[in-house]
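Nothing here was measured: the structure is a model prediction, and the numbers come from that model. When reading the values below, keep in mind they use all heavy atoms of this one structure, side chains included, and skip hydrogens, waters and symmetry mates.
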Amino acid sequence: MKSKKILVWFRNDLRLHDNEMLVEAIAKSDCILPIYFFDPRHFESTSFETEKTGARRAQFLLESVSSLRTAFQKLGGDILLIQGKPEEHIPAIVEQLEISEVYHHREVGPEETIISTYVEDALWKQRINLKHFIGHTLYNKEDLPFPIKDIPDVFTQFKKKTERDAIVKSCHESPLEIDFVENENWGALPSLLELGFAEAGFVNFDDEAKGGN
């Protein structure tokens, strides 16, 4: 019998603790393939000629991905790291590794939403489902004590009714066991230089903290 493999596409959710997407992927599959993309679009300039991602944010991102990788390695697996656009790589990975379904957290930003659409359209051609999760809010819309169309216009009314009638769900515990898709090359963590930053000009967090107030 063919095993069910779920690709878990990490975005701004680089954690094991309280990650509903990850917990459900583990429960619904025989094995999972965690993946993170260093999307070149995140490191471009905006239309206002400002940086989308500065050196400090990029450094924090690298540290977060590295920490997540270490957590997966302690569980006997890893996370696939790719420098490139998700919509250009995910379809090929799905076909190569016989992935059954792709999970990801839905973002609310316009650019992130468009990228999700690109991936979803590409997977639709392969008859593969892209399942969306919400992982960045205190409440899911289904947890509110009123339909979205009936949200109070005044915040105080919204606040009082939500505090009185809504329930905050319990956190999802970090998984203690994970079965991973077999994979030979998990990819290397890029350097700041490879992401387009001049490492020599970057201020080390620790050194800056020691410099005084």
Side-chain angles (χ1 to χ4, degrees), residues 6-17 19 21-22 25 32-97 99 102-120 122-123 130 135-136 178 180-211:
I6 293 180
L7 186 154
V8 184
W9 172 20
F10 283 84
R11 305 179 81 182
N12 291 317
D13 49 2
L14 302 171
R15 63 186 189 275
L16 265 61
H17 179 67
N19 193 327
M21 171 187 70
L22 177 61
I32 68 167
L33 176 69
I35 187 169
Y36 182 82
F37 291 94
F38 290 93
D39 192 327
R41 290 167 293 200
H42 294 164
F43 305 96
E44 296 173 347
S45 296
T46 69
S47 58
F48 303 101
E49 298 184 359
T50 58
E51 294 179 332
K52 288 184 180 178
T53 303
R56 295 177 185 277
R57 181 178 179 182
Q59 176 69 15
F60 179 74
L61 173 62
L62 290 172
E63 292 172 357
S64 298
V65 174
S66 177
S67 177
L68 181 61
R69 162 166 272 185
T70 298
F72 278 133
Q73 289 174 341
K74 289 179 179 179
L75 293 171
D78 210 323
I79 181 170
L80 179 59
L81 304 181
I82 295 178
Q83 284 186 258
K85 299 177 180 179
E87 68 270 22
E88 294 179 355
H89 291 273
I90 288 180
I93 294 170
V94 164
E95 182 176 358
Q96 178 185 351
L97 298 178
I99 299 295
V102 177
Y103 283 12
H104 89 313
H105 272 121
R106 185 191 296 276
E107 301 288 344
V108 296
E111 292 185 16
E112 292 84 353
T113 300
I114 290 173
I115 292 172
S116 291
T117 302
Y118 290 156
V119 173
E120 191 165 28
L123 291 175
L130 175 64
H136 308 296
I178 302 177
F180 294 85
V181 171
E182 292 186 8
N183 186 45
E184 294 182 0
N185 183 10
W186 291 95
L189 188 73
S191 64
L192 281 174
L193 190 62
E194 290 172 319
L195 295 179
F197 300 94
E199 289 183 297
F202 181 71
V203 179
N204 183 279
F205 292 150
D206 292 335
D207 291 343
E208 187 179 53
K210 295 174 183 177

Do L80 and F37 have side chains that approach each other closer than 4.5 Å (heavy atoms only, starting at C-beta)? no

Distance check, rounded to the nearest 0.5 Å: L7 atom CG versus I90 atom CD1? 5.5 Å

Under 3.5 Å, is there a donor-acceptor pair between the side chain of S64 and the main chain of F60? yes

Decide if atom CD of Q73 counts as having more than 12 heavy atoms of other residues, nucleotides or ligands within a radius under 6.0 Å. yes

Apply side chain to side chain contact (heavy atoms under 4.5 Å, CB included) to residues L22 and I32 and explain how you reach the verdict. CA-CA 9 Å; L22 177 61; I32 68 167; 3.6 Å; yes

Taking only Lys NZ, Arg NE, NH1 and NH2, and the carboxylate oxygens of Asp or Glu, determine whether E111 and K52 approach each other closer than 4.0 Å. yes

Would you say L130 and H104 make side-chain contact, with heavy atoms under 4.5 Å? yes

Can you check whether L195 reaches T53 side chain to side chain, under 4.5 Å on heavy atoms? no

Measuring from Q96:CD to N183:CG, what's the distance to the nearest 0.5 Å? 7.5 Å

Which heavy-atom pair separates H42 from I115 by the least distance, and what is that distance? NE2-CD1, 4.4 Å

Is it true that, when you exclude R15 itself, more than 12 heavy atoms of the residues, nucleotides or ligands shown sit nearer than 6.0 Å to its CZ? yes

Where L123 and V102 come nearest, the two heavy atoms and their spacing: CD1-CG2, 3.8 Å

Least distance between heavy atoms, H105 atom then M21 atom: N-SD, 3.7 Å

Kindly indicate whether the side chain of L61, heavy atoms from C-beta on, has any atom under 4.5 Å from the side chain of Y36. yes

How far apart are the closest heavy atoms of F43 and A58, and which atoms are they? CE2-CB, 4.4 Å

Which heavy atom of L189 sits nearest a heavy atom of S66, and at what distance? CD2-CB, 3.9 Å

Going by the ring-ring contact (aromatic ring centres under 6.0 Å, His included) test, which pairs reach into residues 73-93, not counting sequence neighbours? none

Nearest atoms (heavy-atom pairs only) where P91 meets P86: CD-O, 4.0 Å

With the side chain counted from C-beta on, respond yes when V108 and T113 share a heavy-atom pair under 4.5 Å apart, and no when they do not. no

Report yes if some heavy atom in the side chain of V65 is under 4.5 Å from a heavy atom in the side chain of F10; otherwise report no. no

E194 side chain near S191 side chain, heavy-atom distance below 4.5 Å: yes

Using side chain to side chain contact (heavy atoms under 4.5 Å, CB included) as the criterion, point out the one residue from D78, I79, L75 that pairs with F180. L75

Are K85 and Y118 side-chain neighbours, meaning at least one heavy-atom pair lies under 4.5 Å? no

